[in-house]
**Student:** 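Once you've had a glance at the structure underneath, I'll fire off some questions.
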Amino acid sequence: MDAFRLLTRSTKLKSISGRQSTATPLQGGRLPSAGKAENPQLFRGSSAAEEQQQSKKRKREEDGDANENSDAEDDVNLDFFSSAKGLLSGNAKDSKKRPRKEHADGQSVSDSDSEGEDAQVMDESQRRSILKTHKIKVTDLRDLEEILPVAKSEDATKEKEKKKKKKEKKEKKEKSAVPALTKKQQKELRRLYPEPLVSFQQLRKKYRISRRLAENIAEQGFSVPTEVQMGSLPLLLGHSPYSGETRPAETPEPDLAVVAPTGSGKTLAFMIPLITKIVRHHHEHPGKREIFAVIVAPTKELVWQIVNEGRKLALGTGVKITGMKKGMQVLERTDDDDEPLEEEREEDNRESSESEDESDDDADANANGTTRSEKKKKPRRKSTITKSDILVTTPLLLVNALSANQTKSVAPMPSIRNLVLDEADVLLDPLFREQTTSIWSACTNPQLRVSMWSATMGSSIEQLIKSIIQDRRTSLGLTDKTPLIRVVIGLKDTAVPNITHKLIYAATEHGKLLGLRQLIHPTATIAPPETRLRPPFLIFTQTIPRAVALHSELLYDIPPEAGGSSRIAVLHSEMSETRRSEIMKGFRKGEIWVIVTTDLLARGVDFRGINGVVNYDIPTSAAAYVHRVGRTGRAGREGGIAVTFYTKEDIPYVKPIANMIDMSEKLQGKPDSERSVQKWLLDALPDLSKKDKKELKRHGVKARQASAKLVDAKERAKTRISTKSGFDRRRENKRKAAIASSRQKKLRAMEGSNNNDNNSGDEEWEGFDE
Ligand SMILES: Nc1ncnc2c1ncn2[C@@H]1O[C@H](COP(=O)(O)OP(=O)(O)OP(=O)(O)O)[C@@H](O)[C@H]1O
């Protein structure tokens, strides 16, 4: 027997996330592309189901004394608010008072449920323990006054007794009730411990999702829910955050803000509840089809990915999911303003054939029993009012559709009950904010629920969300108090914990190119093994011209016997939809190995087995770093690497990235000596002022900006992506110009001779070209 194994039998090489110590990506079997991830969960001790069993066992052993919870947070003494707290978070103290009742509740549910263990209700210590193990944190974001209805109503009664004499005093009293709590107490008051989803079987047994949907989930090979699914599905499917009990009819579905790592399965987490709700809606209103939910995503690539994922889940459930296209009509209008221009109609037809999903059936064509070719022949107004259940769109496409290409005010969409903002922080960023809020306010249904999802969400975004919700309530005159709940998985705004980070100083632009070549060439011996890249991988640049230039530099770097230039592609927003879609397909099929791109592919796009990400140009914010590198290490896959190059020009901007890498490695439990960012470097890098951060986010590193006006010629020369000398480049440019002018001449000469042949005689003959 291997002596080392024997010695280490009982030793777990544990990192902070409870994972086994990671080996280098060179060990082929551990590459993200090596196959299916064993477990998609990022934070785990044992599986959630095991955890539930262990927890039950512990509980039995403790013989009803489950209240001796070791969780430090339980020690908070909140006598003053005991009734409200018990109602809201059901804390340990409160459960001490009501163990029998909770037990009795759990019993009654399991008694009435014939489907066994999965349908049983967990007690609070179990819920806390599982949520803690999986780093799921649920918080009520409402104002404390709203969270404390009991305390408030008691106050109100007292005031009534005093016959409303001291109105000012009362307000003072109400206000001072909150500051009386310490920050810790307030925090604990906001914390919720909803029952997590421990297995996908529970979806059917406990939350009564449709049989077909459950089958579709299983067919896709999803066996264990990820943390974001564990935490958010019960909230959205009808489990009350206030206790372990099934949500009473009067408890509304909350608005939800979810911050969970990249690749952690957020799409599934918002799709399952939507499909479930719509299936129920169809059941209650047979024959009625209207747009029930809108999902907004920032790029077309992400829109079509969501459509495709959604369609796989909705197969056979009767739920229709449509991707928004230019010129598509989503509302019935009585005026003629929506009649599209001829070119729009053409574009619409073109996009239909370009969508990533070949089976992209137009909702109306299906509803009318017509084929796509028949549809094309018909006038558009009669055939394209979308009768889909879920519409997936970019903000601009929908705003244009609702405002007759921004010639009218945005029309309301009262049928929408659910609005999902995927990559919510970017949708609420100034770039998209106006469009997103227009869509939000167009959803006038009083029962609208909004859910917002991203791997990063700053506190300013949370504040913005709260104020939008409040403004909407005021403008629609709504009195409901739908809670806004936040679910955070792991540490907020950090990179996914299962990838290796490398920050490499390349000094100059030329140095970056050399560095990249060393990474790509499998035969290069100078490349350190842990930073050698295995395809498929993505390379990010700051601008479109830089992506194009880098692509043409790398075109011949992959040997012909391995497929040569066909293996590498460039993808950016100025390319045609068809080409973009072809490249995405080619990459997914494994025909293309490397994509050089801009931040267009930084968010949301899911290529399951990407082995690495190269930040050829540094990302423009820490959040952008999190999203870019999150294209690898999806669904818990280990072994992905993220390489970031920086040059002299980047030094003033690189600190937020270096900090982010350092924090991620700390969380991974890497010792100081193995960190890719050494402490001396962190100390030496200059801090970035708020203003500079903003500027960087908006325009990127100045020297690389696409706009010629902003950068002088000398600076631009420094950041040019090319290995050719100035002399060679000038010579080549001259040669290209000579060829072009000769072609022109020939063309003109041919046109001249044609005209002569036709006896048109309009143009002067310029003689033969030599
Ligand atoms: N329970 C699960 N088990 C295994 N794989 C899963 C599970 N849920 C989702 N996945 C897979 O995980 C991958 C990432 O999912 P998804 O694209 O929804 O991530 P995300 O959280 O939206 O990421 P991003 O923040 O980058 O948008 C997908 O390939 C998806 O099929």
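For ligands, and for the atoms within them, numbers begin at 1 and follow the listed sequence.
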**Student:** Give the residue, atom name and distance (to 0.1 Å) of the protein heavy atom nearest atom 8 (N) of ligand 1.
**Tutor:**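 Nearest neighbour among protein heavy atoms for atom 8 (N) of ligand 1, to 0.1 Å: Gln229 NE2, 2.9 Å.
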**Student:** Applying side-chain contact (heavy atoms from CB on, under 4.5 Å), run through Leu601 and Phe607 and close with a yes or a no.
**Tutor:** CA-CA 10 Å; Leu601 290 195; Phe607 301 111; 4.2 Å; yes
**Student:** Using a strict 4.0 Å cut-off to heavy atoms of Val224, name the atoms of ligand 1 that fall inside it.
**Tutor:**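 By the 4.0 Å cutoff, the relevant atoms are 1 (N), 2 (C), 3 (N).
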**Student:** What atoms of ligand 1 come closer than 4.0 angstrom to any heavy atom of Leu268?
**Tutor:** 8 (N)
**Student:** Could you list which atoms of ligand 1 come closer than 4.0 Å to a heavy atom of Glu423?
**Tutor:**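 Under 4.0 Å from Glu423, ligand 1 has these atoms: 27 (O).
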**Student:** Between Asn611 and Pro535, what is the shortest heavy-atom contact and its length?
**Tutor:**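 That would be ND2-O, 2.9 Å.
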**Student:** Are any of the side-chain nitrogens in Glu582 or Lys585 under 4.0 Å away from the carboxylate oxygens of its partner?
**Tutor:** no
**Student:** To the nearest 0.1 Å, how far is atom 25 (O) of ligand 1 from its closest protein heavy atom, and which atom is that?
**Tutor:**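 Closest protein heavy atom to atom 25 (O) of ligand 1: Lys266 NZ, 2.8 Å.
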**Student:** What's the spacing between Glu219 CD and Leu315 CG if we round to 0.5 Å?
**Tutor:**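 The CG atom of Leu315 is 8.0 Å from CD of Glu219, to the nearest 0.5 Å.
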**Student:** Looking only at distances, please establish whether an N/O atom of ligand 1 is found under 3.5 Å from an N/O atom of Gly265.
**Tutor:**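 Yes.
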**Student:** Between Thr262 and ligand 1, does any nitrogen or oxygen pair lie at a separation below 3.5 Å?
**Tutor:** no
**Student:** Give me the atom names and distance for the closest heavy-atom approach of Val303 to Gly323.
**Tutor:**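 Heavy atoms of Val303 and Gly323 come nearest at CG1-CA, 4.4 Å.
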**Student:** Is atom NZ of Lys466 surrounded by more than 12 heavy atoms (other residues, nucleotides or ligands) closer than 6.0 Å?
**Tutor:** yes
**Student:** So is Phe200 polar-close to ligand 1, meaning N/O to N/O under 3.5 Å?
**Tutor:**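 No, Phe200 has no N/O under 3.5 Å of an N/O on ligand 1.
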**Student:** Which of the atoms in ligand 1, numbered in the order shown and given with their element, are less than 4.0 Å from a heavy-atom of Pro261?
**Tutor:** 21 (O)
**Student:** Provide the closest heavy-atom pair for His134 versus Ile489 in the form atom of the first, atom of the second, distance.
**Tutor:**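 Shortest heavy-atom contact: O-CG2, 4.4 Å.
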**Student:** Of all the non-hydrogen atoms in the protein, which one sits nearest to atom 6 (C) of ligand 1, and at what distance?
**Tutor:**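 Here the nearest protein heavy atom works out to Phe222 CE2, 3.4 Å.
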**Student:** Assess whether atom CD of Glu434 is packed by more than 12 heavy atoms of other residues, nucleotides or ligands within 6.0 Å.
**Tutor:** no
**Student:** Could you tell me which non-hydrogen atom of Phe537 sits nearest to which non-hydrogen atom of Phe587, and how far apart they are?
**Tutor:** O-CZ, 3.8 Å
**Student:** Which atoms form the tightest heavy-atom contact between Pro261 and Ala455, and what is the distance?
**Tutor:** C-CB, 4.1 Å
**Student:** Evaluate Thr267 for polar contact with ligand 1, using N/O atom pairs at a separation under 3.5 Å.
**Tutor:**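 By distance alone, the answer is yes.
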**Student:** Please compare Arg634, His627, Arg603 and report which has the shortest non-hydrogen distance to atom 26 (O) of ligand 1.
**Tutor:** Arg634
**Student:** Please could you name the atoms of ligand 1 that Asp606 approaches to less than 4.0 Å, counting only its heavy atoms?
**Tutor:** 13 (C), 14 (C), 17 (O), 28 (C), 29 (O)
**Student:** Would you give me the side-chain donor-acceptor pairs under 3.5 Å for residues 623-630, sequence neighbours excluded?
**Tutor:**
{"unit_1": "Tyr625", "atom_1": "OH", "unit_2": "His501", "atom_2": "ND1", "d": "2.7"}
{"unit_1": "His627", "atom_1": "NE2", "unit_2": "Thr456", "atom_2": "OG1", "d": "2.7"}
{"unit_1": "His627", "atom_1": "NE2", "unit_2": "Arg603", "atom_2": "NH1", "d": "3.3"}
{"unit_1": "His627", "atom_1": "NE2", "unit_2": "Arg603", "atom_2": "NH2", "d": "3.4"}
{"unit_1": "Arg628", "atom_1": "NE", "unit_2": "Asp599", "atom_2": "OD1", "d": "2.7"}
{"unit_1": "Arg628", "atom_1": "NH1", "unit_2": "Asn615", "atom_2": "OD1", "d": "3.0"}
{"unit_1": "Arg628", "atom_1": "NH1", "unit_2": "Asp617", "atom_2": "O", "d": "2.8"}
{"unit_1": "Arg628", "atom_1": "NH2", "unit_2": "Asp599", "atom_2": "OD1", "d": "3.3"}

**Student:** Quick check on Gly263 - does any of its heavy atoms sit under 4.0 Å from an atom of ligand 1?
**Tutor:** yes
**Student:** Need the ligand 1 atom indices (1-based, order shown) with element for anything under 4.0 Å from a heavy-atom of Pro40.
**Tutor:**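 That gives atoms 2 (C), 3 (N), 4 (C) of ligand 1.
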**Student:** Lys492 side chain to Val259 main-chain N or O, any donor-acceptor pair under 3.5 Å?
**Tutor:**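 No; zero donor-acceptor contacts below 3.5 Å.
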**Student:** Using a strict cut-off of 4.0 Å, indicate which atoms of ligand 1 neighbour a heavy atom of Ser264.
**Tutor:**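 Answer, ordered by atom number: 19 (O), 20 (P), 21 (O).
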**Student:** So, regarding Arg631 and ligand 1 (criterion: nitrogen or oxygen to nitrogen or oxygen, under 3.5 Å), is there a contact or not?
**Tutor:** yes
**Student:** May I ask you to check whether Ala635 has an N/O atom sitting below 3.5 Å from an N/O atom of ligand 1?
**Tutor:** no
**Student:** Please identify which atoms of ligand 1 are closer than 4.0 Å to at least one heavy atom of Arg608.
**Tutor:**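 Once the distances to Arg608 are compared, the set is 29 (O), 31 (O).
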